[in-house]
Amino acid sequence: MKVEKNNVVALTYSLSIPDSEGETDVVEVVSETDPMYFIHGISGLPEGFESQIEGLSAGDTFDFTVTAEEGYGEYDEEAVVDLPKSVFQTDEVDQDELLQVGNIIPMTNEDGERLHGQIIEIRDDVVIMNFNHPLAGKEMHFEGKILSIRAATPEEISHGHVHGVGGVHHH
């Protein structure tokens with residue numbers, strides 16, 4: 001079997017991105033003890049990643065780079081926004097604990113889409129958040145190996161994710 005649409009793929013990889021000095025930094029490693037499982041074609045992974053591994057078989061290794069535009073897009077200055085501190089005022093949450101530079105906070109925009117913003121600065125009554133994907137504007141280098149491939153079940157395809165080993169368990 002090959003990596004193609006609607007097949008469940010298990011793979012390992014290491015992801016590196018260039019740091020500010022242009023040196024390569026490994027930022028994520030997925031090993032054989034806990035591989036990544038996904039349904040090819042509906043994974044939500046960057047298109048540039050999926051297109052690179054398409055057609056590979058179990059046991060094949062890969063080593064490629066995905067440009068920012070094929071990955072998570074270019075860095076968008078407009079995705080850095082100032083929000084009034086009052087937005088974060090809730091009874092359930094200790095605001096001082098929540099509002100720390102570097103914290104990533106899930107939020108919902110006007111259209112009801114869920115976004116994750118990272119706090120980059122806190123002023124008197126304003127919180128400055130960055131809603132860019134952490135890998136936006138970054139070239140991503142993937143190196144890894146395809147461990148196994150199987151056909152996704154109709155249920156997995158309709159749910160859009162893997163069930164069973166390495167997948168989402170419904171109760």
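The figures that follow rest on heavy atoms only: side chains count, while hydrogens, waters and symmetry mates do not.
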Close side-chain approach of Val80 to Phe131, heavy-atom, < 4.5 Å:
no

Check: Glu97 side chain, Asp94 main-chain N or O, donor-acceptor pair, under 3.5 Å:
no

Write down the atom of Ser16, the atom of Thr24, and the distance for their closest heavy-atom approach.
CB-CG2, 3.2 Å

Shared hydrophobic cluster, Leu147 / Val9 (ILVMFWY, side-chain heavy atoms < 4.5 Å)
no

Just so I know, are the side chains of Thr108 and Leu115 near enough to count as touching, which here means a heavy-atom distance under 4.5 Å?
no

Would a hydrophobic clustering, with Ile, Leu, Val, Met, Phe, Trp and Tyr connected at side-chain separations under 4.5 Å, put Met1 with Ile53?
yes

Could you go step by step and tell me if Ser14 and Val29 meet the side chain to side chain contact (heavy atoms under 4.5 Å, CB included) rule?
CA-CA 4 Å; Ser14 71; Val29 174; 4.1 Å; yes

Within the distance-only criterion (no hydrogens, no angle test), does the side chain of Glu50 pair as donor or acceptor with the backbone N or O of Gly41 below 3.5 angstrom?
yes

Donor-acceptor contact below 3.5 Å, side chain Asn132 vs main chain Ala79:
no

Looking at Asp111, I'd like to know if its CG atom is crowded, meaning that more than 12 non-hydrogen atoms belonging to other residues, nucleotides or ligands lie closer than 6.0 Å.
yes

Closer than 3.5 angstrom, by distance alone: can the side chain of Gln118 be matched with the main-chain N or O of Asn130 as a donor-acceptor pair?
no

dist Ile146:CD1 -> Asp60:CG (nearest 0.5 Å) comes out at 7.0 Å

Going through the distances and angles, do Arg123 and Ile128 end up as a side chain to side chain contact (heavy atoms under 4.5 Å, CB included)?
CA-CA 8 Å; Arg123 300 202 188 123; Ile128 300 166; 3.5 Å; yes

Say you draw a straight line from OG of Ser43 to NE2 of His161; how long is it, rounded to the nearest 0.5 Å?
13.5 Å

Reference residue His141; test side-chain contact (heavy atoms from CB on, under 4.5 Å); the match among Asp63, Leu15, Ile17, Val66
Asp63

Crowding at CD, Glu78 (>12 non-hydrogen neighbours, <6.0 Å):
no

For the residue pair Glu156 and Ile39, what are the closest heavy atoms and their distance?
O-CD1, 3.6 Å

Search all heavy atoms of Gly55 against all heavy atoms of Lys2 and return the closest pair with its distance.
O-CD, 3.3 Å

If Ile, Leu, Val, Met, Phe, Trp and Tyr residues are connected whenever their side-chain heavy atoms lie under 4.5 Å apart, and connections chain through other members, are Val87 and Val126 in the same group?
no

For Lys85, is there any backbone N or O sitting under 3.5 Å from a side-chain donor or acceptor partner on Gln95?
yes

Would a single hydrophobic cluster contain both Val101 and Val81, if residues Ile, Leu, Val, Met, Phe, Trp and Tyr are joined by side-chain heavy-atom contacts under 4.5 Å?
yes

More than 12 heavy atoms of other residues, nucleotides or ligands under 6.0 Å from CD of Glu69: yes or no?
no

Would you say Ile122 and Gln100 make side-chain contact, with heavy atoms under 4.5 Å?
no

Any sub-3.5 Å donor-acceptor pair from Asp19's side-chain atoms to Glu21's backbone N or O?
yes

So His159 and His163, would you call those rings parallel, tilted or perpendicular, with 30° and 60° as cut-offs?
perpendicular

Is the number of heavy atoms from other residues, nucleotides or ligands within 6.0 Å of CD (Glu74) greater than 12?
yes

Lys145 side chain to Gly59 backbone, donor-acceptor under 3.5 Å:
no

Ile105 and Leu98, any side-chain heavy atoms less than 4.5 Å apart
yes

Determine whether Asp82 and Val127 make a side-chain contact, defined as any pair of heavy atoms from C-beta on separated by less than 4.5 Å.
no

How many angstroms lie between OG in Ser148 and CG in Asn7, if you round to the nearest 0.5 Å?
10.5 Å

Quick one, Tyr37 and Val8 - any side-chain contact, counting heavy atoms below 4.5 Å?
yes

Phe62-Tyr13 aromatic ring centre distance below 6.0 Å
no

If we only count heavy atoms from C-beta on, is the Thr65 to Phe142 side-chain gap below 4.5 Å?
no

Under the side chain to side chain contact (heavy atoms under 4.5 Å, CB included) criterion, do Tyr72 and Met140 qualify, and how do the steps go?
CA-CA 10 Å; Tyr72 290 101; Met140 297 179 286; 3.8 Å; yes

Do His40 and Glu4 pair up side chain to side chain, a donor and an acceptor below 3.5 Å, judged on atom types alone?
no

Are Ile149 and Leu45 grouped together when hydrophobic residues (ILVMFWY) are joined by side-chain heavy atoms under 4.5 angstrom apart?
yes

Do Lys138 and His133 come within less than 4.5 Å of each other through their side chains, counting heavy atoms only?
no

For Met36 and Thr12: C-alpha separation, side-chain torsions, deciding distance, then whether side chain to side chain contact (heavy atoms under 4.5 Å, CB included) applies.
CA-CA 6 Å; Met36 177 170 82; Thr12 60; over 6 Å; no

